Number of protein chains: 2
Amino acid sequence: MEVETGGSLMRSGQAGESAVDAVVQQIRDLIASSRLKVGDSLPTERELCAQFNASRNTVREAMRILKAYGLVDVRPKIGATIIDNRMSRAFELFSFNTMELSRKSFSDVQALRGLLEVGSAEILVDKVNRSDLNELNDINAELAANHDLNEASEIDYAFHVRLVSILDNAAILDVYAVMKPVILRIMQKGKTRRTFMTETFSEHQGVIDALAARDRLAFQYRLRTHLMFGARHFSQEMEATA
Amino acid sequence: MEVETGGSLMRSGQAGESAVDAVVQQIRDLIASSRLKVGDSLPTERELCAQFNASRNTVREAMRILKAYGLVDVRPKIGATIIDNRMSRAFELFSFNTMELSRKSFSDVQALRGLLEVGSAEILVDKVNRSDLNELNDINAELAANHDLNEASEIDYAFHVRLVSILDNAAILDVYAVMKPVILRIMQKGKTRRTFMTETFSEHQGVIDALAARDRLAFQYRLRTHLMFGARHFSQEMEATA
DNA sequence: TAGGTATTTCTTGGTCCAACAAATAGATTG
DNA sequence: CAATCTATTTGTTGGACCAAGAAATACCTA
């Protein structure tokens, strides 16, 4: 078994701990000892240099690690603030080697979308507000404009992301970010049919209307139908090319 | 809507892309275009500097990111070799005990689990077979044995994964794999209460029974209750420490 | 004079450069 | 074959400058 070398998450003071890893550990300790929470600020880079007797480049490399792990957000002039994007990072890491574009992946992703979008109807009709509806309308209006296949798919995707964003659930948004490539492929497949764009537009419109009326059943029916049509087109396409 | 700033995994050439992010992307492109595989070596830092017209610090910060993501392993004199530790990195993300997972992360994940597990009731009672039930029973029986907190949480997690595995949906299983560290933490929190293990056992048993009887409503009710209890314990815990 | 606006200053992260230290693969030498 | 030497490569440091933006200041108008 390969021993974990160069690990920046190295536990307590290892022998061959590099200066950068030491600074990472010290910043972690600082966060813990100072009881820093999400939203709090870290000292400036130069202050950290002085505090840890490290050069600025070393501190910066340590910060890069913390940024990569989704623990801090660094902005010029603002400084480093503590965040917790670890879930997003985990999904991003995972997205590299998962979700290959097999037929089963497509149907699995569609099923997952169905569970999330249709299943959250109750919460959606409860939480949806005026600006949500406005933005959904805007996105859908954009869909009606002339776009090529890829642009239209992006807009279609944006519509569904905006829909689930009403839930205010970061985990679900992360899931959608991971599935994005697959979802786009599904949509592109479906859009090869000529009438697709107008169909999508009117189906989306029906979803929005049901949402505006806070009609859960209509919302579920229309959204489920919408998703199933996409799946059906896709199946036909796949069978034709298989 | 908040735009993803400072993201080192930023997709194709954004406007405000930093030099480091650009190098990260270029190195990834290099790996892809050169068909480099695990075990192959990257050019030296200085060669990358020349190739990308970037300073050595910039290249090094880019390397730190790639290291943090488990994509390369850098050793003095050896240079950078391509590895694939992304999966283990994803899990290590949550080994930062210095900072507690944010409360919202917990509730988001619980809500997502609810949508998936409770929402798929109809499919579950339809697809479940004898061996599914047997294995769920076996896992739950294991839960009744004496285990420490971590072991019990692992078993609890395995139960729910086995449950959704009935759906035969790889995308959902991937989602559970990524969320595993968070789910485990949720369960560990809940298990601080003394009676938790027996409660979990009987609640699981009720879920299995409903599933065996193909009673969708009972299944949903019991599973929802089960998940909500976990959430409630967690909320109490969080409020106590807040 | 008061209030708002334009300007200036100064802090801070982003990038680059040059140098040296430490480690070590590969060549050299005994 | 083994010890040693050398050259290369990463690790670290200190310094410098830039651009962006926040804070302080000066200015202008009503």
Side-chain angles (χ1 to χ4, degrees), chain A residues 2-10 13-27 30 39-83, chain B residues 2-10 13-27 30 36 39-68 70-83:
Chain A
E2 179 84 11
V3 70
E4 181 64 20
T5 162
S8 308
L9 289 181
M10 209 178 291
Q14 229 76 355
E17 195 175 51
S18 74
V20 173
D21 292 332
V23 171
V24 168
Q25 183 60 45
Q26 284 175 294
I27 294 177
L30 177 67
D40 294 342
S41 295
L42 256 55
T44 68
E45 288 181 356
R46 289 169 173 89
E47 284 172 341
L48 291 173
C49 294
Q51 194 164 344
F52 301 143
N53 284 319
S55 81
R56 194 159 156 240
N57 287 331
T58 300
V59 170
R60 280 188 59 79
E61 290 190 21
M63 289 296 243
R64 281 289 179 192
I65 293 172
L66 294 175
K67 273 172 67 174
Y69 277 86
L71 292 173
V72 301
D73 178 32
V74 182
R75 284 176 300 181
K77 183 61 187 177
I78 302 293
T81 58
I82 298 181
I83 58 177
Chain B
E2 179 84 13
V3 68
E4 179 65 19
T5 165
S8 306
L9 286 182
M10 207 179 292
Q14 227 77 354
E17 197 174 50
S18 75
V20 173
D21 292 332
V23 171
V24 168
Q25 188 57 49
Q26 283 174 296
I27 294 177
L30 176 67
L36 297 181
D40 293 343
S41 293
L42 255 57
T44 68
E45 288 180 358
R46 285 167 174 93
E47 285 171 340
L48 292 173
C49 293
Q51 193 163 345
F52 302 142
N53 283 319
S55 81
R56 200 165 149 235
N57 288 340
T58 300
V59 171
R60 282 187 58 79
E61 289 191 22
M63 285 300 219
R64 282 289 178 191
I65 293 173
L66 295 174
K67 275 171 67 173
L71 293 174
V72 301
D73 178 32
V74 182
R75 283 176 301 181
K77 177 65 185 175
I78 302 293
T81 58
I82 298 179
I83 59 176

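The shown structure was predicted, so the numbers you read here are calculated from the model rather than taken from an experiment. Labels below follow one simple rule: chain letters A, B, ... track the order of the sequence lines, proteins then strands, and each chain is numbered from 1.
Screening B:I27, B:L48, B:V59 for a side-chain contact (heavy atoms from CB on, under 4.5 Å) with B:P43, the sole residue that qualifies is B:L48.
Mapped onto DNA chain D by nearest heavy atom, A:R46 and A:A19 fall at different nucleotides, with A:A19 at the one closer to the 5' end. Nearer to the 5' terminus of DNA chain D, by closest-nucleotide assignment, is the contact made by B:R56 (compared with the other of A:R56 and B:R56).
Among the nucleotides C:dA25, D:dA20, D:dG11, the one closest to the side chain of B:P76 is D:dG11. Distance from the side chain of A:N57 is smallest to C:dC16 among C:dC16, D:dG21, C:dT24. The side chain of B:T58 has C:dC16 as its nearest neighbour among C:dG14, C:dC16, D:dG11. Of the candidates D:dG14, D:dT12, D:dA20, D:dT12 carries the atom nearest the B:R64 side chain, counting heavy atoms from C-beta on. Picking from D:dA20, D:dT13, D:dG11 the nucleotide with the shortest atom distance to the side chain of B:V74 gives D:dG11. With distances taken from any side-chain atom of A:S18 to the nucleotides D:dG21, D:dT8, D:dG11, the minimum falls on D:dG11.
Nucleotide C:dT12 holds its P atom 6 Å from the NZ atom of A:K77, rounded to whole Å. Protein atom CZ of B:R75 is 8 Å distant from nucleotide atom P of C:dA25, rounded to whole Å. In this structure, CD1 of B:I78 is placed 15 Å from C1' of D:dG11, rounded to the nearest angstrom. The CD atom of A:E45 sits 11 Å away from the P atom of C:dT15 (whole-angstrom rounding). Rounded to an integer number of Å, the gap from CD of A:E61 to C1' of C:dT15 is 13 Å.
Interatomic distance, CG of B:D40 versus CD1 of B:I82, reported as 5.5 Å (0.5 Å rounding). For the atom pair CZ of A:R64 and OH of A:Y69, the computed distance is 15.5 Å after rounding to the nearest 0.5 Å.
The side chain of A:R60 contributes an N or O atom lying less than 4.0 Å from OP1 or OP2 of C:dG14.
In terms of heavy atoms, B:S41 sits closest to B:L36 at O-CD1, 4.3 Å.
Residues A:Q51 and A:L30 meet the side-chain proximity criterion, which asks for heavy atoms closer than 4.5 Å.
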